[in-house]
Amino acid sequence: MVDETFMREAIRLATESVQNGGGPFGAVVVRDGRIIGRGANRVTRDNDPTAHAEVQAIRDACRTLGDFRLTGCDLYTSCLPCPMCMGAIYWARIARVFYAATAEDAAAAGFDDRYIADELAKPLQLRDLTITQALRDVGLEPLRLWQEQPNKIEY
């Protein structure tokens, strides 16, 4: 069930971000009925293409909990997360996502979400971005070492 209070906070953060020179996106991470992480889009303010609201909120929540896993947490966001943010959401193990605006709404406002999602759905050789594999056998070494680590922290 959507908690409108949390959604309104995400939208408030998005509105505040625009008023402060940032992008029109805001997000909050919620656990056990309280906000443990907040984020607003800071891409242009910080010159950081990864500074999306959802990523900022996830980072804040992880600092709050002292854990990279946000199991049992919900994310409320002012817009459907882009592919990068969806990846971060899955990596963080967030349980549920609630969003206000759609990817089409973001595209109508000039954002690339739909284009990026379409690109990621294509085979590597058909993407607009040139992607070339090199030194695979050398690149496998860190993965082999990781597999052998007896005290590794699993993701």
Side-chain angles (χ1 to χ4, degrees), residues 1-122 124 127-129 131 139 142-143 145-147 149-155:
M1 174 178 252
V2 175
D3 186 318
E4 288 188 12
T5 303
F6 298 134
M7 185 60 76
R8 288 183 189 284
E9 176 62 6
I11 294 167
R12 185 193 70 74
L13 289 168
T15 302
E16 184 179 88
S17 178
V18 172
Q19 293 166 342
N20 292 322
F25 305 101
V28 295
V29 176
V30 176
R31 179 184 241 176
D32 298 328
R34 69 180 187 88
I35 295 174
I36 61 166
R38 286 180 167 79
N41 184 285
R42 297 185 57 92
V43 170
T44 56
R45 289 186 68 191
D46 293 353
N47 291 316
D48 179 353
T50 69
H52 288 204
E54 296 88 346
V55 172
Q56 301 288 78
I58 288 168
R59 289 173 179 162
D60 190 34
C62 288
R63 279 190 297 272
T64 298
L65 296 180
D67 196 342
F68 63 90
R69 292 168 294 234
L70 298 177
T71 307
C73 294
D74 294 331
L75 178 79
Y76 287 79
T77 181
S78 63
C79 188
L80 183 69
C82 74
M84 177 187 70
C85 292
M86 279 297 203
I89 290 162
Y90 277 101
W91 279 113
R93 310 296 195 261
I94 288 175
R96 300 182 300 179
V97 175
F98 300 97
Y99 67 96
T102 66
E104 289 74 22
D105 298 328
F111 292 90
D112 290 339
D113 303 46
R114 175 60 40 215
Y115 165 74
I116 295 168
D118 290 346
E119 277 290 293
L120 292 175
K122 294 177 185 176
L124 292 178
R127 293 184 187 174
D128 290 340
L129 176 66
I131 302 171
L143 296 171
L145 289 172
W146 167 257
Q147 289 175 310
Q149 289 295 316
N151 58 348
K152 65 182 170 268
I153 298 172
E154 300 283 344
Y155 291 36

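Note that the coordinates shown come from a computational prediction; the quantities given were computed from them, not determined experimentally.
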Partner of Tyr76 under ring pair (Phe, Tyr, Trp, His ring centres under 6.0 Å), chosen from Phe6, Tyr99, Phe25 |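 In the set Phe6, Tyr99, Phe25, the residue that makes a ring pair (Phe, Tyr, Trp, His ring centres under 6.0 Å) with Tyr76 is Phe6.
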Which atom of [X] lies closest to which atom of [Y], heavy atoms considered:
X: Glu154; Y: Arg69; answer: O-NH1, 3.8 Å
X: Cys85; Y: Pro81; answer: CB-CB, 3.8 Å
X: Ala100; Y: Ser78; answer: CB-O, 3.3 Å
X: Arg31; Y: Ile36; answer: CB-CD1, 4.0 Å
X: Ile58; Y: Ile94; answer: CG1-CD1, 3.9 Å
X: Leu13; Y: Gly39; answer: CD1-O, 3.9 Å

Working to the nearest 0.5 Å, report the span between [atom1] of [X] and [atom2] of [Y].
X: Leu65; Y: Leu70; atom1: CG; atom2: CG; result: 6.0 Å
X: Glu4; Y: Met7; atom1: CD; atom2: CE; result: 9.0 Å
X: Gln56; Y: Asn41; atom1: CD; atom2: CG; result: 8.0 Å
X: Ile35; Y: Cys73; atom1: CD1; atom2: SG; result: 12.0 Å
X: Met86; Y: Leu80; atom1: CE; atom2: CG; result: 5.0 Å

Keeping [X] on the side-chain end and [Y] on the backbone end, is there a donor-acceptor pair under 3.5 Å?
X: Arg42; Y: Gly22; answer: no
X: Thr77; Y: Ala27; answer: no
X: Glu119; Y: Asp128; answer: yes
X: Ser17; Y: Gly23; answer: yes
X: Asp105; Y: Thr102; answer: yes
X: Arg93; Y: Trp91; answer: yes
X: Thr64; Y: Gly37; answer: no
X: Arg45; Y: Gly21; answer: no

Around [X], counting heavy atoms of other residues, nucleotides and ligands shown, do more than 12 lie under 6.0 Å from its [atom1]?
X: Arg8; atom1: CZ; value: no
X: Asp32; atom1: CG; value: no
X: Ile153; atom1: CD1; value: no
X: Phe98; atom1: CZ; value: yes

With sequence neighbours excluded, what pairs up with Asp3 under the side chain to side chain donor-acceptor pair (under 3.5 Å) test?
->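 Partners of Asp3 by the side chain to side chain donor-acceptor pair (under 3.5 Å) criterion, ordered by chain and then number, come out as Thr5.
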By side chain to side chain donor-acceptor pair (under 3.5 Å), which residues pair with Asp113, not counting sequence neighbours?
->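 By the side chain to side chain donor-acceptor pair (under 3.5 Å) rule, Asp113 matches no residue at all.
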Steps toward salt bridge (Lys or Arg N to Asp or Glu O under 4.0 Å) verdict (Asp60, Arg38) = CA-CA 6 Å; Asp60 190 34; Arg38 286 180 167 79; over 6 Å; no
Parallel, tilted or perpendicular: which fits the ring planes of Tyr155 and Phe68, with parallel below 30° and perpendicular above 60°?
->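 Aromatic pair Tyr155/Phe68 classed tilted.
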